[in-house]
Every structure is written in structure tokens, then in C-alpha cells.
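My structure is below; once you've seen it, I'll send some questions.
Just so you know, ligand 1 is whichever comes first in the structure, and atom 1 is the first atom listed for that ligand. These numbers come from the heavy atoms of this one structure, side chains and all, not from hydrogens, waters or symmetry mates.
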Amino acid sequence: MIDVTKIRKDFPILKREVNGKPLVYLDNAATSQTPQQVIDVIVDYYQNYNANIHRGVHALSQEATDKYEVARQTIQKHFNAKESYEIIFTSGTTHSINIVANGFTTLLEKGDEILVSAMEHHSNIVPWQMLAERTGAVLKVIPMNLDGELRMDVYDDLLSNKTKLVFCNHISNALGTINPIKEIIDKAHAVGAAVLIDGAQAAPHIKADMQKLDVDFYTASAHKICGPTGVGMLYGKEEWLNKLPPYQGGGEMIAEVTFEKTTYADLPHKFEAGTPNICGGIAFGAALDYMNSIGFEAIAEYEHELLEYATKELLKIEGLKIYGTAKNKTSVISFNIEGLHPYDIGSILDKLGVAVRTGHHCAQPIMDFYKIPGTVRASFSFYNTMDEVDVLVAAVIRAKGMLE
Ligand SMILES: Cc1ncc(COP(=O)(O)O)c(C=O)c1O
């Protein structure tokens, strides 16, 4: 069970006011807040052992290197990767996806097919479109139904021996749908295709097991899991990471450099050119430790209660429509009120201290599918309360009254 009163004390920001009202932070799908335990790790780094890693013989450098590599092992353990070098530190999911999309440039041929789901974030669309342009591969879309669930029957039809890659999010940021990724992975493997799962939205809610999923690539961003911005990870199966060429050249990623020829470092360094976000990587590990100390089962259970209660209460508002009504969904509610622009609702909610996101949520194809300009999105975390759901609902009713 979650002790939300106790947990909230870990998050200093939750005590603040916005526009003279207590902050109700419901923009967790965009970025989560940071507990004191993680803030302390960041401060400790800069106060006590700030140094560049992997190349110094001095004590500070060795300390920073050790902590950075321990963080990698924490991430490995959390995601149950077979080897720690299958975890590549990146600046976030966007960077992780670009590493893979760039790498496949040499592995695809004209006419090869790559499949994308209809409910992707732009960062899991655009890099693949760029890959298709470079290689002549064909991008095909797995459609969804009105509830925001993937049409797995069409997926079956789209798969063929031409399919080389499938990429899909684990959870949709705009709709909250939890996709059947195990089935997606197994079916892709049956035709010999590799699979990348964008785990940016799943990582805060679900502990994904790389070996059980048998996924080829999986991504996450620390800032959505109580960690800092500008750091994330790419998990890749060893054999795939060895096949892909490096994404960036520079220091740290080489074995030997001469003007005639350069050889590359082993995994994971081959993909980690330049000085990384050292403090961020260490704090990423601390953020996972924090979330595991609460427990992902307890988190999922509590967030589901928040989702059910908020859904029930919001639907009592006349003219309110929820987009994303999949059977299997997480604590994200995208909605509109008939005749009102989401931006106007969001602006009034902000005046009332309620932070939500409005717009297309970097998922314009989803908005086009529903023929809407955008939605208001309230996304809940384990530190939100039922009382905050009540504040949200009252604020939406007030906004509706003011705008109508
Ligand atoms: C599903 C999904 N994929 C990718 C991203 C991009 O993550 P980042 O901006 O951390 O690279 C996001 C961010 O909102 C997301 O929700």
C-alpha cells in the first residue's frame, strides 16, 4: 500500500503555491517531480566528487566513475538486462531512438518495410521517417480503433518477410493505452524483424523485464521516473548493439585513433561519445532506487485507483469526452469539453493552481485521427491524491462555467 502523505513529504516542490493556490501537479507524463533523496544525490555529486569519468587516475575521478557504473548496474538490474554493457546512457528517449534509427541506415535496403504504431510520440516517428528517406525503406502504420487500442488483426496482415523493424510505445503518452508489447515482439520475431519499444511512458508505471520480453531495443528517460532531465537509457541486445555502427564520433567511444583509421571501443562506450551527463546518470540510478523502495506493484495499484476515480468524476461533467478508453490503460486522462478549446481550459486550470498539459502532446497523428486540435491531459503519479482529483474536477467545472 502507498502511504501518500508520507511520500509527499519527499517532494519539496509539492509544497509550493501557484497563483496563490496550492500546486496540483498533474503533468507527470511530461515530466515527473524529483524527491529530496534524488536532489541530495545531485548536490552530493557537485559538492563532493565532481570530476570527469573513465580517464582520471585521481580519487575524485575514480569515485565519480564508480558511482556512474554502479548506476548503470542499477538500471541493468531494474530492467533485467542480461549484461550491464547492454545499457547505454543517453540524453533521453529521443536520443536513444535516434541511435537505433541512425544505426539501421546500413542494415536496410530499398523496399524493406518498417512498421510504426498509429499512436506514437513524434520522437518515435520522425527518426524512422528520416531513416526511410535515407534508405528507401517503406514506413507502414499499424492503425488503432476509437478506444485507442492497436488493431492487432491489421498488424498480423502487415507483417511479412519484408518487415525488418517494428517500433511502438509501451504506453501512449497522449491516450494512456498500455500496448500488448509481448505479442507485438513475438509476432515481429516470427518474421525475423527487430523491435524497438519506446518505454518513456511505461517506465514510471511498469517494471519492464528485457529478458522476459525478449525485446531488441527499449528506451527510457530519467525525468519521467523522478530523475533529472537530460539523461536516459537505451537498452539493446548485445548482438544488435554490436551490429549497429556508432551514432556520434568523439572521445570515449574509441579504442585507437590514427589519421589513417580509428577503431571503436567495446560496448557500452561505443555509443557514449564525449563527456556524458555524469551527475544525471548517477541520479538516474538513485531515482530508480527511490521508486523501487516504494514498489512498482503498489505504484500501479494506487495509480489505477486514481485513474478510476478521476475518470468517473470527470465523466459526470456534461459535454466532457475522454480520448483513450482502452481496457488496459494507465493513469493518463486526455479530454475535451464540447465547444471549448483545450488551451483555454488549461489556462484557467493554471490560474487555479492545477498544472495539466494542453495541445497535441507531440502526437499529432492521434489528434488527426480524432479530428481534434488537441486535448487537455491530466496525468497522475503515485504522489497525487484523491483530494487533488477533486480539485481538478472542481476546476474543470469552474473553467467550463467561465468559458461557456
Ligand atoms: C511516449 C514518449 N516517447 C518519447 C518521448 C520523448 O522523451 P524525451 O523528451 O525524454 O526524449 C516522450 C516524452 O514525452 C514520450 O511520452
Side-chain angles (χ1 to χ4, degrees), residues 25-34 75 88-102 116-130 142 144 148-150 166-181 184 195-206 208 215 217-235 247-248 271 276-277 280-281 283-284 287-288 303 323-324 326 328-334 355-367 369 374-381:
Y25 187 78
L26 301 178
D27 195 16
N28 294 289
T31 203
S32 57
Q33 295 302 345
T34 316
I75 299 166
I88 311 294
F89 276 115
T90 65
S91 69
T93 292
T94 304
H95 180 195
S96 306
I97 293 171
N98 275 281
I99 290 175
V100 181
N102 179 71
V116 59
S117 100
M119 61 175 94
E120 295 308 306
H121 188 281
H122 296 161
S123 65
N124 203 22
I125 301 174
V126 184
W128 307 110
Q129 286 176 323
M130 291 161 74
I142 312 159
M144 64 180 186
E149 293 167 325
L150 285 180
V166 177
F167 35 98
C168 175
N169 57 43
H170 192 166
I171 292 180
S172 156
N173 64 313
L175 303 173
T177 308
I178 304 174
N179 284 310
I181 58 165
I184 289 170
V195 182
L196 178 141
I197 299 294
D198 168 357
Q201 289 298 332
H205 310 287
I206 294 173
V215 65
F217 303 99
Y218 194 92
T219 69
S221 298
H223 70 96
K224 298 196 197 279
I225 337 170
C226 298
T229 55
V231 64
M233 69 114 199
L234 167 66
Y235 160 80
Y247 178 53
Q248 289 181 313
F271 293 103
N277 183 348
F284 184 178
L288 286 178
E303 288 175 342
Y323 297 88
N328 202 6
K329 72 174 277 192
T330 190
S331 50
V332 169
I333 303 182
S334 257
V356 292
R357 177 132 306 212
T358 63
H360 54 60
H361 317 296
C362 298
Q364 279 182 347
I366 296 182
M367 305 302 137
F369 175 74
T375 67
V376 181
R377 183 186 70 185
S379 50
F380 302 88
S381 179

Checklist entry - Can you list the ligand 1 atoms lying under 4.0 Å from a non-hydrogen atom of N173? => result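 In order of number, 16 (O).
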Checklist entry - Which of the atoms of ligand 1 are close to T93, meaning less than 4.0 Å from one of its heavy atoms? => result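 Near T93, meaning under 4.0 Å from one of its heavy atoms, ligand 1 has 4 (C), 7 (O), 11 (O).
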Next on the checklist: Suppose we measure from atom 9 (O) of ligand 1 to each protein heavy atom; which comes out shortest, and what is that distance?
Outcome noted: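 Minimum-distance protein heavy atom for atom 9 (O) of ligand 1 reads T94 OG1, 3.8 Å.
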Item to check | Distance, nearest 0.5 Å, that separates OG1 of T90 from OH of Y235 | outcome: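 Between T90 OG1 and Y235 OH, I get 15.5 Å after rounding to 0.5 Å.
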Checklist entry - Quick one: does E120 get a heavy atom under 4.0 Å from ligand 1? => result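 Distance cut 4.0 Å: E120 fails for ligand 1.
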Item to check | Nearest neighbour in protein (non-hydrogen) for atom 14 (O) of ligand 1 | outcome: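 Checking every protein heavy atom, the shortest distance to atom 14 (O) of ligand 1 gives K224 NZ, 2.6 Å.
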Item to check | Value rounded to 0.5 Å, distance of CG in N169 from CD1 in I125 | outcome: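 With rounding to 0.5 Å, CG (N169) is 9.5 Å from CD1 (I125).
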Item to check | Side chain H361, main chain A363, donor-acceptor under 3.5 Å | outcome: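 No, the answer is negative, given that no donor and acceptor are paired below the 3.5 Å cut-off.
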Checklist entry - Just how far is it from atom CD of E120 to atom CD of Q364, taken to the nearest 0.5 Å? => result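 One finds 14.5 Å between CD of E120 and CD of Q364.
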Checklist entry - Quick check: does any side chain N or O of S117 sit under 3.5 Å from a backbone N or O of M119, one acting as donor and the other as acceptor? => result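 Yes; at least one donor-acceptor contact below 3.5 Å.
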Checklist entry - Nearest to atom 15 (C) of ligand 1, what protein heavy atom do you find, and at what distance? => result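 Checked against all protein heavy atoms, atom 15 (C) of ligand 1 sits closest to H121 CD2, 3.3 Å.
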Checklist entry - Of the protein's non-hydrogen atoms, which lies at the shortest distance from atom 16 (O) of ligand 1, and what is that distance? => result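 Checked against all protein heavy atoms, atom 16 (O) of ligand 1 sits closest to Q201 NE2, 2.7 Å.
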Checklist entry - At a non-hydrogen distance cut-off of under 4.0 Å, which region of H95 contacts ligand 1 (side chain, backbone, both, or neither)? => result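 No part of H95 comes within reach of ligand 1.
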Checklist entry - Quick one: does N124 get a heavy atom under 4.0 Å from ligand 1? => result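 Outside the 4.0 Å threshold, so no.
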Checklist entry - Is a side-chain donor-acceptor pair under 3.5 Å present for T219 with S96? => result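 Not at all, the side chains of S96 and T219 share no donor-acceptor pair under 3.5 Å.
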Item to check | Residue selection (non-hydrogen contact nearest atom 5 (C) of ligand 1) among A220, A203, S123 | outcome: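 Heavy atom nearest to atom 5 (C) of ligand 1 belongs to S123.
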Checklist entry - With a 4.0 Å heavy-atom cut-off (strictly under), which part of D198 contacts ligand 1: side chain, backbone, both or neither? => result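 The part of D198 near ligand 1 is the side chain, not the backbone.
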Checklist entry - Is the shortest heavy-atom distance from the side chain of N28 to the side chain of S331 under 4.5 Å? => result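 Heavy-atom side-chain distance check fails, nothing below 4.5 Å.
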Checklist entry - Is the closest side-chain donor-acceptor distance between H170 and Y218 under 3.5 Å? => result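 Indeed, the side chains of H170 and Y218 share at least one donor-acceptor pair under 3.5 Å.
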Item to check | Among S91, G230, S221, closest by any non-hydrogen atom to atom 7 (O) of ligand 1 | outcome: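 Result: the heavy atom closest to atom 7 (O) of ligand 1 is in S221.
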